[in-house]
Amino acid sequence: MSAPAPSPLAIVDAEPLPRQDEVLTDAALAFVAELHRRFTPRRDELLARRTERRAEIARTSTLDFLPETQAIRVDDTWKVAPAPAALEDRRVEITGPTDRKMTINALNSGARVWLADFEDASAPTWENVVTGQLNLIDAYTRNIDFTDPRSGKAYALKPAEELATVVTRPRGWHLDERHLQLDGTPVPGALVDFGLYFFHNAQRLIDLGKGPYFYLPKTESHLEARLWNDVFVFAQDYVGIPRGTVRATVLIETITAAYEMEEILYELRDHASGLNAGRWDYLFSIVKNFRDGGAKFVLPDRNLVTMTAPFMRAYTELLVRTCHKRGAHAIGGMAAFIPSRRDAEVNKVAFEKVKADKDREANDGFDGSWVAHPDLVPIAMASFDAVLGDKPNQKDRLREDVSVAAGDLIAVDTLDAKPSYDGLRNAVAVGIRYIEAWLRGMGAVAIFNLMEDAATAEISRSQIWQWINADVVFENGEHATAELARTVAAEELATIRAEIGEEAFAAGKWQQAHDLLLQVSLDEDYADFLTLPAYERLR
């Protein structure tokens, strides 16, 4: 008797979408199902390992480089695979979700790379998941255009040689996709986003002289990088393309990953193309992991923790040194400013800050950096042009002057700044505004002239939680308490209602956003990720 055919993936509780059959083909779903069968059990083990490691940090309030992988760190002979031509010059990268307008604007932006985001800049509604894939397919086949229904402005792609190279970011390992299930079990969102994109586009991208390139978010250990590497090997064999065609840039945006940068590159070495330094998720990870560590781990207002803080400089300089030692690109952090069409003075001040930030990164040895808006591309480009000139990168700058001890990465108490009452108000205001938009399906949101994503909401609610649990006393004498947070949140909700009017307020999800922010900020049991309870409310 022949073996029974494996169960097919089921689409569950999802309204049919126009053209979804072009993405959710039987062959593509069979591939995603096979990824799920092979790799989800290991994903589950690694998520359990995260919990165990968090408990160990709670017990010891410290972290160190891993003794069991020391041989990898001291072995100077290994390097990552050489960068493909399309990823050799990454001096400016623009980030954003994969909606139709953004797809065209990002590809046309003049940036070298577009981070096409299914993660923090995208709320994972079924429509966003499926149509985002469709938009990328349409872009590669040049079947994409967009007309803004309000302004009537038309958008179309520039010639192929002027377009950014796409690096796609799937969801993190912790998130499931409830609308795709195998025998009643949801498939990890990471495997859905990776699998659909890879299956439809890997060969198409090779034919265009590029390849399937990825950003890997929320990685917490080299074992998670090893899992991704095994996914890549299997996927390439499955569709019949050479191993090493996939390239991955790993976001070092968790404090545990900062202690395993070399090991992460080593695990992915045939597929690695670089590491990236992301600020808000990194700070969120510090709060999450050291939330029991007492006053010395209490962060001040998020906007006071700049990349020049000693523990942040230790992190970024170690990242540059690690990448260049191993032949990988080091990519800097986000310039999130959204230029104002009305206030030239706001723009002038912000542009100067963006320039100073990008100048610092370029002079520190980074090979490129992120921006959130096309108007910032020329500013960042000028900073890197000044240092790189005609060179595609500066991987030859080995930064052997950098020496970072384990304690330097968690020396939060080297900061002079303290939490403030205004910082609390800002965390509440931004948190409510962001979560409300996310619950309506928008993951990249302009708030107070900054482009915010899910990492913003994570650091906002984490700071509220941390300040209350550390009994912080603000400069006005008030204690950070649950009651104060509720009062501020109620005031913020009233401010929003007055600002936008009753009709718009009623049409939004403001009360839900207010309630969810307070839930994840005040619950005694700290939620690992805000997006987990938020996803339950995302309909």
Side-chain angles (χ1 to χ4, degrees), residues 54 57-58 61 120 218 253-255 278-307 309 311-312 315 333-334 336 410-436 438 445 447-448 450 452-476 478-492 513-534:
R54 206 331 262 172
I57 294 168
S61 287
D120 274 3
K218 308 285 191 291
E253 57 185 354
T254 67
I255 186 62
R279 180 169 26 161
W280 296 141
D281 266 322
Y282 189 72
L283 294 175
F284 154 54
S285 175
I286 290 175
V287 174
K288 175 160 63 173
N289 280 286
F290 289 93
R291 62 185 184 265
D292 317 290
K296 71 176 186 174
F297 290 106
V298 172
L299 287 169
D301 307 0
R302 70 165 180 142
N303 293 325
L304 299 178
V305 189
T306 66
M307 298 308 260
F311 72 103
M312 296 300 279
Y315 150 61
M334 172 71 83
I410 50 174
V412 174
D413 55 353
T414 55
L415 273 172
D416 290 332
K418 297 282 188 290
S420 73
Y421 178 73
D422 282 347
L424 175 68
R425 294 202 75 91
N426 182 259
V428 170
V430 171
I432 290 175
R433 282 169 162 81
Y434 180 81
I435 294 169
E436 193 277 335
W438 196 93
V445 189
I447 303 172
F448 306 145
L450 293 175
E452 309 286 19
D453 69 8
T456 304
E458 292 286 26
I459 185 61
S460 296
R461 64 97 178 189
S462 297
Q463 293 205 288
I464 299 165
W465 193 98
Q466 184 185 49
W467 295 346
I468 291 169
N469 282 272
D471 193 25
V472 162
V473 181
F474 297 123
E475 75 288 351
N476 63 1
E478 290 207 65
H479 284 251
T481 62
E483 197 48 50
L484 179 62
R486 289 191 190 97
T487 300
V488 171
E491 291 169 357
E492 187 56 36
H514 163 280
D515 295 351
L516 181 56
L517 178 72
L518 288 181
Q519 176 191 324
V520 294
S521 301
L522 304 183
D523 271 7
E524 191 175 331
D525 291 332
Y526 178 95
D528 275 348
F529 292 96
L530 158 71
T531 45
L532 293 172

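The model shown is predicted, which means the values in this text are computed figures rather than measured ones.
What you find for L518 and A489 is that their closest heavy atoms are CD2-CB, 4.0 Å. Looking at every heavy atom in both residues, P533 comes nearest to V520 through CG-CG1, 3.9 Å. Closest of all the heavy-atom pairs between N289 and I57 is O-CG2, 3.1 Å. When every heavy atom of I435 is checked against every heavy atom of A457, the shortest pair comes out as CG1-CB, 4.4 Å. Considering every non-hydrogen atom in both A470 and V298, the closest pair reads CB-CG2, 3.6 Å. The nearest pair of heavy atoms linking L522 to W465 is N-CD1, 4.4 Å.
Distance OG/S462 to CG/L283: 9.5 Å, rounded to 0.5 Å. From Y282, atom OH reaches atom CE of M312 across 6.5 Å, with rounding to the nearest 0.5 Å. To the nearest 0.5 Å, the span separating CG on L450 from CE on M334 amounts to 10.5 Å. Distance OH/Y434 to CG/L530: 8.5 Å, rounded to 0.5 Å. With rounding to the nearest 0.5 Å, the separation of CG in D120 from CD in E452 is 11.5 Å.
Just one residue in the list R302, R461, Q463 forms a side chain to side chain contact (heavy atoms under 4.5 Å, CB included) with F284, and that residue is R461.
Remark: D292 engages R54 in a salt bridge, criterion side-chain N to carboxylate O under 4.0 Å. A salt bridge does not link R425 to E478: none of the charged side-chain nitrogens sits closer than 4.0 Å to a carboxylate oxygen.
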Set out, in order, the CA-CA distance, both residues' side-chain angles and the distance that settles side chain to side chain contact (heavy atoms under 4.5 Å, CB included) for I464 and L424, then state yes or no. CA-CA 7 Å; I464 299 165; L424 175 68; 4.0 Å; yes
With side chain to side chain contact (heavy atoms under 4.5 Å, CB included) as the criterion, how do L484 and F474 come out once you've worked through the C-alpha distance, each side chain's angles and the decisive distance to 0.1 Å? CA-CA 11 Å; L484 179 62; F474 297 123; 3.9 Å; yes
May I have the step-by-step check of side chain to side chain contact (heavy atoms under 4.5 Å, CB included) for F311 and I286, ending in yes or no? CA-CA 11 Å; F311 72 103; I286 290 175; 3.7 Å; yes
Could you check W438 against V445 for side chain to side chain contact (heavy atoms under 4.5 Å, CB included), going step by step and ending with a plain yes or no? CA-CA 8 Å; W438 196 93; V445 189; over 6 Å; no
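Side-chain N or O atoms of Q466 include none that pairs as donor or acceptor with a backbone N or O of R291 at under 3.5 Å. Checked by atom type and distance alone, the side chain of R433 never pairs as donor or acceptor with a backbone atom of V430 at under 3.5 Å. With hydrogens and angles ignored, the 3.5 Å screen pairs a side-chain donor or acceptor of D301 with a backbone N or O of S420. Proximity of a side-chain donor or acceptor of S285 to a complementary backbone N or O of D281 within less than 3.5 Å is not detected. When atom types are taken as modelled, the side chain of W467 and the backbone of L299 share a donor-acceptor pair closer than 3.5 angstrom. E475 contributes a side-chain N or O that, together with a main-chain N or O of Y421, makes up a donor-acceptor pair within less than 3.5 Å.
Atom CG of D416 is surrounded by 12 or fewer heavy atoms from other residues, nucleotides or ligands within 6.0 Å.
You'll find the side chain of F448 reaches within 4.5 Å of the side chain of N426, heavy atoms only. Residues I410 and F297 are in side-chain contact: their nearest non-hydrogen atoms beyond the backbone lie under 4.5 Å apart.
Annotation: side-chain hydrogen bond (donor to acceptor under 3.5 Å, both in side chains) contacts of E253 (sequence neighbours excluded): none.
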